[in-house]
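Everything below concerns the one structure shown next.
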Amino acid sequence: MSSDFEAYEQEFGTLTAEITNKVGRIPKLSGEEKTQLVLNVDKQLEEVRELLEQMDLEVREVPVQSRAMYSTRLKSYKQEMEKLEKDFKRSRIAYSDEVRNELLGDDGGSSETQRAHLLDNTEKLERSSRRLEAGYQIAVETEQMGQEILTNLHSDREKIQRSRDRVTTGMIRRELVMT
């Protein structure tokens with residue numbers, strides 16, 4: 001039992017060392033080579049996740065007296081995995097920023113212009129938000145007025161119906177009296 005766990009530990013150590021090496025290289029590469037490395041690391045991280053699941057199953061099979069020791073080791077491996085995923089995410093974000101800059105032709109030297117554009121866009125967004133809010137208020141008020149009109153119409157209909165009923169009843173009584 002413990003020999004399986006130890007074999008998983010060795011495989012975990014090998015995979016995490018490879019991943020760490022590759023994650024460190026991602027920001028230094030470019031183009032297709034960088035894309036392939038990102039995909040490769042993603043695949044290896046999935047292998048490590050599966051390996052941790054296997055280790056977790058092994059720990060459940062260990063006798064109770066030894067389980068705490070193996071659980072502690074597994075917990076530290078899971079923490080190491082979380083750190084690897086965070087490092088990979090950071091390198092991918094740096095990679096994404098680099099790709100975005102390449103696509104947009106952003107050289108990073110015009111920060112004042114970018115700031116001005118950002119402020120301008122923020123002002124436009126705020127104006128649009130105020131207009132939307134005003135439009136929403138008008139829609140709410142219109143809905144309330146429509147509801148009041150419908151209520152009044154319903155009340156008027158009931159009055160007309162009652163009047164018609166009274167007129168019809170009065171005419172029937174007159175006919176009965178005349179006959």
Side-chain angles (χ1 to χ4, degrees), residues 1-140:
M1 177 72 80
S2 64
S3 64
D4 288 339
F5 189 84
E6 289 168 3
Y8 291 142
E9 283 180 311
Q10 287 178 348
E11 190 175 345
F12 178 84
T14 303
L15 279 172
T16 55
E18 287 177 20
I19 292 170
T20 302
N21 181 10
K22 290 176 182 177
V23 165
R25 290 181 18 221
I26 288 174
K28 298 171 189 161
L29 297 175
S30 62
E32 184 63 29
E33 190 177 7
K34 183 178 262 187
T35 303
Q36 289 301 318
L37 190 61
V38 167
L39 292 173
N40 187 278
V41 169
D42 206 23
K43 182 181 175 186
Q44 284 186 314
L45 283 171
E46 185 58 36
E47 289 177 32
V48 171
R49 285 184 207 97
E50 290 173 10
L51 191 62
L52 287 172
E53 287 176 16
Q54 289 297 319
M55 293 169 83
D56 192 27
L57 291 173
E58 288 295 323
V59 167
R60 292 178 189 181
E61 299 293 323
V62 171
V64 176
Q65 60 271 19
S66 306
R67 192 173 295 162
M69 176 186 70
Y70 287 106
S71 292
T72 303
R73 285 161 61 180
L74 179 61
K75 185 177 178 183
S76 72
Y77 296 139
K78 286 181 179 180
Q79 288 172 345
E80 187 174 340
M81 175 65 181
E82 288 175 13
K83 183 186 176 304
L84 275 175
E85 287 177 326
K86 286 178 186 175
D87 291 346
F88 179 55
K89 186 176 181 180
R90 279 190 213 109
S91 72
R92 285 183 69 179
I93 289 171
Y95 169 65
S96 298
D97 286 346
E98 199 172 288
V99 169
R100 182 186 61 81
N101 290 340
E102 284 177 21
L103 289 173
L104 297 175
D106 186 15
D107 60 1
S110 59
S111 65
E112 200 58 41
T113 305
Q114 289 176 347
R115 188 178 190 312
H117 283 295
L118 183 62
L119 289 172
D120 186 44
N121 288 337
T122 301
E123 289 175 19
K124 287 178 185 176
L125 183 63
E126 288 173 356
R127 282 194 305 269
S128 296
S129 295
R130 286 192 297 271
R131 275 186 271 175
L132 280 173
E133 186 65 34
Y136 177 75
Q137 280 300 110
I138 290 171
V140 167

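For the numbers below, each heavy atom of this structure counts, side chains included, while hydrogens, waters and symmetry mates do not.
Heavy-atom neighbours of E33 CD from other residues, nucleotides or ligands within 6.0 Å: at or below the threshold of 12.
A distance of 14.5 Å separates NZ in K89 from CG in L84, rounded to the nearest 0.5 Å. Distance check: D4 CG to L57 CG gives 11.5 Å after rounding to the nearest 0.5 Å. One distance of note links CE of M55 with OG of S71; it measures 11.0 Å at 0.5 Å rounding. Atom OG1 of T35 is separated from atom CD1 of I26 by 10.0 Å, given to the nearest 0.5 angstrom. Between the CZ atom of R25 and the CG atom of L37 there is a distance of 5.0 Å, given to the nearest 0.5 Å. Residue Y8 holds its OH atom at 4.5 Å from CD of Q54, rounded to the nearest 0.5 Å.
For the residue pair V62 and S66, the shortest heavy atom distance occurs at CG1-CB, 3.5 Å. Nearest heavy-atom pair, M81 versus L45, reported as atom, atom and distance to 0.1 Å: CE-O, 3.4 Å. Pairing each heavy atom of V59 with each of R67, the nearest pair is O-NE, 3.5 Å.
Between R115 and L119, some side-chain heavy-atom pair lies under the 4.5 Å cut-off. For the pair K78 and D56, the minimum side-chain heavy-atom distance is below 4.5 Å. Using a 4.5 Å cut-off on side-chain heavy atoms (C-beta onward), Y77 and L52 make contact. By the 4.5 Å heavy-atom criterion applied to side chains, E9 and E6 are counted as neighbours. Proximity of R130 to E126: side-chain heavy atoms (C-beta onward) are separated by under 4.5 Å at one or more points.
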Practice item. Might you work through the side-chain contact (heavy atoms from CB on, under 4.5 Å) test for Q44 and N40, ending with a clear yes or no? Key: CA-CA 6 Å; Q44 284 186 314; N40 187 278; 3.5 Å; yes
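Salt bridge E46/R49: present, at least one basic N to carboxylate O contact under 4.0 Å.
In this pair, F5 and Y70 present their aromatic rings perpendicular. The plane angle is above 60°, beyond the 30 to 60° band.
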